[in-house]
Amino acid sequence: MKNYLLSLFNDTSAALPYLNEIDILFDVPKQDSHGDLSTNAAMMLTKKLHKNPRQIAEEIISNLKTDDSVIYKIEIAGPGFINFFFTPAFIAQIIKNIFAEDKDFGKSKLFEGKKANVEFVSANPTGPLTVGHGRNAVVGDTVANLLEWVGYEVDREYYFNNAGRQMRVLGDSVKQRYLQLLGQDVEFPADYYQGEYIKEIAQQLLDEHGNKLVDEPVEGLFKQRAESIIFNDIKESLARLSIKHKIFFNENSLYEDGKIDELLKLFKQKELSYEKDGAVWMKFLELGSEQDKVIVKSSGEPTYRLPDIAYHREKLERGYDLLVDLFGSDHISTYPDVLAGVKALGFDPEKIKVLIHQFVTILDQGEVVKMSTRKANFITLDQLVDEAGADVVRYFFNMRNINTHMNFDLSLAKKQSDENPVFYLQYAHARICSILKMIEKEELKSSTENLHLLTCDEEQQLLRKIHLFKAEVLYSAQNFETHRICFYLEELAASFHKFYTFCRILGTEKPLAEARVALASATKIVLRNGLSILGVTAPERM
RNA sequence: GCCCCGGUAGCUCAGUAGGAUAGAGCGUCGGUCUCCUAAACCGUAGGUCGGAGGUUCGAAUCCUCUCCGGGGUACCA
């Protein structure tokens, strides 16, 4: 519908050149009585033309060459909106497109030929994924899906660090537990990893090696085994949510490949860094940040900024058109430095899109659960999936704008009641599947021959909703907003349920009945496609 | 102190390139299964869009100030 109007206005701009001076936008009015699409173009032009908006609207309309079989009414309303009313027959034609495109309905080619990299999760292997990681994981994977739907070729990437203090503490935590299991009275520091999983790893080492590891260095088997076990668990947790990264990038490889030294030299050579108090400082002030910062400590160890910049440089050199970074708001301070660093190296920082999601607050029976990986006082992602199911978890994290500090009510998630909208969507899909089974017995089929019969309110509402799908996917992808898909699908399902209730198939004359089957079938495709973007299953029956 | 995010119905949240009477789900209250799945549908009630100014034909949306909550502001990541 929108495309039709756009080309219509495009043709008209020859006669009315001022139409080229503004972006003409069409909105779906909140009220049905205001038509199918509406534009405020006339109001936008009042200041330029110094004319009454209704007068301008009049002029625009009289120059539009519309086809009566497509648009049956154009009106001027309110302060100067132009409202367009499409014929039911035209609206129903969308069903043919859906059948033709099927699994691809909703996809667009705007970014065809472009390559994107989405980096997400990126938790170091020090413990199981928590609920906070869950939000990151689900949103990251769904954003990647969205980008694929608008034409990008997408790589999903996981960046991790298995060196450094954090990992040493992890190894030592295991060792201390191991010694405790051997009956030694060792002290277990409060800032070590307290989780039960540490004890399990220690137990496993004990089972395999007995007491032979007493003199094993922390960095040896203790750390290695902990890392591999934990990393496997992480991958399994992600797999339960159908999340699979193509690339696991080890921060350490940047050191091994000399990328860090090279970058350091480059910064020095470009006079972007200097030495002070035994440390190397980066001139972030010059690059637009609020102050200079240390990139190599006086101990000789780089701070996180240096590898972060080297890593992004590396990704850019791989030739991506778009890099998406997704992380929690606790890491918010890292990205301006990375962008400044990358820009100083001559890359276009516009290629990097940083998405920051706010924290997840866990509520259990009305109480806030405070979480910390160290203290092992956390709800794991696995627990969440155990209790609520993968579909609910994926839907739940996707359904909210990442800027919102979301509450995850555990008791509610456990309930799996109809308070959860994911069932509402899945039920709509299951209902359609059941209709399609039923019509076989009734010797009916899906037919697009008499789509013009789909004229009642419920049918038209549903059709209009379907029309919006492709634009909704595109908008969501361009704005990296997964929650819009959820809201769209809820509206779509609501339209369907209404249609289901009022527009029965059995007991209706065959031509109309078969057109309704076609509409149901088309709705099924849109629901299934939308759910697949979210990574939620579309069950045949419930 | 400074920076980022949030404050919209009882609860959880949509809605910001300024637009028509501010929305949804859940919860409240009241209806609908002889009928393709009632995990559904219909109706009802519920609001000072945190507060105060300002910009204009028009502000939840833009500007200034301010209150509340979360995060950040390291030679931690």
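Model, not experiment: these values are computed from the prediction. Throughout, a chain's letter reflects where its sequence line sits, starting with A, and its residues are numbered from 1.
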Roughly, in whole Å, what's the span from [atom1] in [X] to [atom2] in [N]?
{"X": "A:L37", "N": "B:rG19", "atom1": "CG", "atom2": "P", "value": "16 Å"}
{"X": "A:N407", "N": "B:rU12", "atom1": "CG", "atom2": "C1'", "value": "8 Å"}
{"X": "A:K297", "N": "B:rC76", "atom1": "NZ", "atom2": "C1'", "value": "7 Å"}
{"X": "A:M43", "N": "B:rA59", "atom1": "CE", "atom2": "P", "value": "13 Å"}
{"X": "A:M167", "N": "B:rA77", "atom1": "CE", "atom2": "P", "value": "14 Å"}
{"X": "A:Y488", "N": "B:rC13", "atom1": "OH", "atom2": "C1'", "value": "21 Å"}
{"X": "A:E251", "N": "B:rC76", "atom1": "CD", "atom2": "C1'", "value": "12 Å"}
{"X": "A:R516", "N": "B:rC35", "atom1": "CZ", "atom2": "P", "value": "19 Å"}

Contacts of type ring pair (Phe, Tyr, Trp, His ring centres under 6.0 Å), residue [X], not counting sequence neighbours:
{"X": "A:H34", "answer": "none"}
{"X": "A:H245", "answer": "A:F120, A:Y158, A:F248"}
{"X": "A:F327", "answer": "none"}
{"X": "A:F86", "answer": "A:F90"}

For this session: Please work out whether B:rC49 sits syn or anti, treating a glycosidic angle within 90° of 0 as syn.
Result: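 B:rC49: anti glycosidic orientation.
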Once you apply a heavy-atom cut-off of 4.0 Å, does [X] come out as touching a base, just sugar-phosphate, or nothing?
{"X": "A:Y304", "result": "base"}
{"X": "A:A77", "result": "base"}
{"X": "A:F502", "result": "sugar-phosphate"}
{"X": "A:L25", "result": "base"}
{"X": "A:D277", "result": "base"}
{"X": "A:A428", "result": "nothing"}
{"X": "A:D292", "result": "nothing"}
{"X": "A:T303", "result": "sugar-phosphate"}

Mark yes when over 12 heavy atoms from residues, nucleotides or ligands other than [X] sit less than 6.0 Å from its [atom1]; otherwise mark no.
{"X": "A:E58", "atom1": "CD", "value": "no"}
{"X": "A:K283", "atom1": "NZ", "value": "yes"}
{"X": "A:K268", "atom1": "NZ", "value": "no"}

Exercise. When you measure from every atom of RNA chain B, which of residues 473-486 of chain A have a heavy atom less than 4.0 Å away?
Worked result: A:H483
From the list [options], which nucleotide is the closest neighbour of the side chain of [X]?
{"X": "A:Y424", "options": "B:rA77, B:rC13, B:rC41", "result": "B:rC41"}
{"X": "A:S333", "options": "B:rG72, B:rA40, B:rC13", "result": "B:rG72"}
{"X": "A:Q291", "options": "B:rA40, B:rU73, B:rG19", "result": "B:rU73"}
{"X": "A:D330", "options": "B:rA40, B:rG71, B:rC13", "result": "B:rG71"}
{"X": "A:H331", "options": "B:rG71, B:rA40, B:rA77", "result": "B:rA77"}
{"X": "A:N401", "options": "B:rC36, B:rG15, B:rA40", "result": "B:rG15"}

Check for a donor-acceptor pair, side chain of [X] on one end and backbone N or O of [Y] on the other, with a separation under 3.5 Å.
{"X": "A:H405", "Y": "A:F359", "answer": "no"}
{"X": "A:R528", "Y": "A:H429", "answer": "no"}
{"X": "A:Q460", "Y": "A:C456", "answer": "no"}

Tell me the partner of [N], counting only Watson-Crick (N1-N3 plus N6-O4 or O6-N4) or G-U wobble (N1-O2 and O6-N3) with both under 3.5 Å; none if nothing fits.
{"N": "B:rC49", "result": "none"}
{"N": "B:rA60", "result": "none"}
{"N": "B:rC26", "result": "B:rG10"}
{"N": "B:rU73", "result": "B:rG1"}

Exercise. Can a side chain N or O of A:R165 be found less than 4.0 Å away from OP1 or OP2 on B:rA77?
Worked result: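 For A:R165, the contact criterion (side-chain N or O under 4.0 Å from OP1 or OP2 of B:rA77) is not met.
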Could you pull out all residues at least two apart from [X] that satisfy side chain to side chain donor-acceptor pair (under 3.5 Å)?
{"X": "A:R54", "answer": "none"}
{"X": "A:E256", "answer": "A:N252"}
{"X": "A:N124", "answer": "A:Q166"}

Exercise. Of A:W281 and A:H497, whose nearest nucleotide on RNA chain B comes first from the 5' end?
Worked result: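 Comparing both residues, the 5'-ward one is A:H497.
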For this session: Using the closest heavy atom to pick a nucleotide of RNA chain B for each, name whichever of A:F408 or A:I82 lands nearer the 5' end.
Result: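 Looking at RNA chain B, the more 5' nearest nucleotide goes with A:F408.
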Distances under 3.5 Å only, N/O to N/O: pair up the protein atoms with those of nucleotides 4-10 of chain B.
| residue | atom | partner | partner atom | Å |
| --- | --- | --- | --- | --- |
| B:rC5 | O2' | A:N403 | O | 2.5 |
| B:rC5 | O2 | A:H405 | NE2 | 2.8 |

Might you list the N or O atoms of the protein lying below 3.5 Å from N or O atoms in nucleotides 32-34 of chain B, with each pair's distance?
none

For this session: Indicate, yes or no, whether a donor-acceptor pair under 3.5 Å links the base of B:rA20 to the side chain of A:D27.
Result: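 Side chain to base: no pair below 3.5 Å.
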Problem set entry | B:rA20 base / A:S38 side chain donor-acceptor hit below 3.5 Å | yes
Enumerate, atom names and distances included, each donor-acceptor pair closer than 3.5 Å involving a side-chain atom of residues 305-314 of chain A, sequence neighbours excluded.
| residue | atom | partner | partner atom | Å |
| --- | --- | --- | --- | --- |
| A:R305 | NE | A:D337 | OD2 | 2.8 |
| A:R305 | NH1 | A:V294 | O | 2.9 |
| A:Y311 | OH | A:E157 | OE2 | 2.7 |
| A:H312 | ND1 | A:D308 | O | 2.8 |
| A:H312 | NE2 | A:D325 | OD1 | 3.4 |
| A:H312 | NE2 | A:D325 | OD2 | 2.5 |
| A:R313 | NE | A:E317 | OE2 | 3.4 |
| A:R313 | NH1 | A:E262 | OE2 | 3.4 |
| A:R313 | NH2 | A:E262 | OE2 | 3.4 |
| A:E314 | OE1 | A:R318 | NE | 2.9 |
| A:E314 | OE1 | A:R318 | NH2 | 2.9 |

Below 3.5 Å, can you tabulate the donor-acceptor pairs from side chains in residues 488-495 of chain A to any protein atom, sequence neighbours excluded?
| residue | atom | partner | partner atom | Å |
| --- | --- | --- | --- | --- |
| A:Y488 | OH | A:K465 | O | 2.6 |
| A:E490 | OE2 | A:Y395 | OH | 2.7 |
| A:E491 | OE1 | A:K465 | NZ | 2.8 |
| A:S495 | OG | A:E491 | O | 3.2 |

Problem set entry | Span that lies between the P atom of B:rG69 and that of B:rA60, in whole angstrom | 26 Å
For this session: Sticking with atom P, work out how far B:rA20 lies from B:rU61, rounded to a whole angstrom.
Result: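 To the nearest whole Å, 13 Å.
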For this session: Determine if A:F81 stacks with B:rA20; use a centre-to-centre distance below 5.5 Å and an interplanar angle below 30° as the criteria.
Result: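 Check passed, A:F81 stacks on base of B:rA20.
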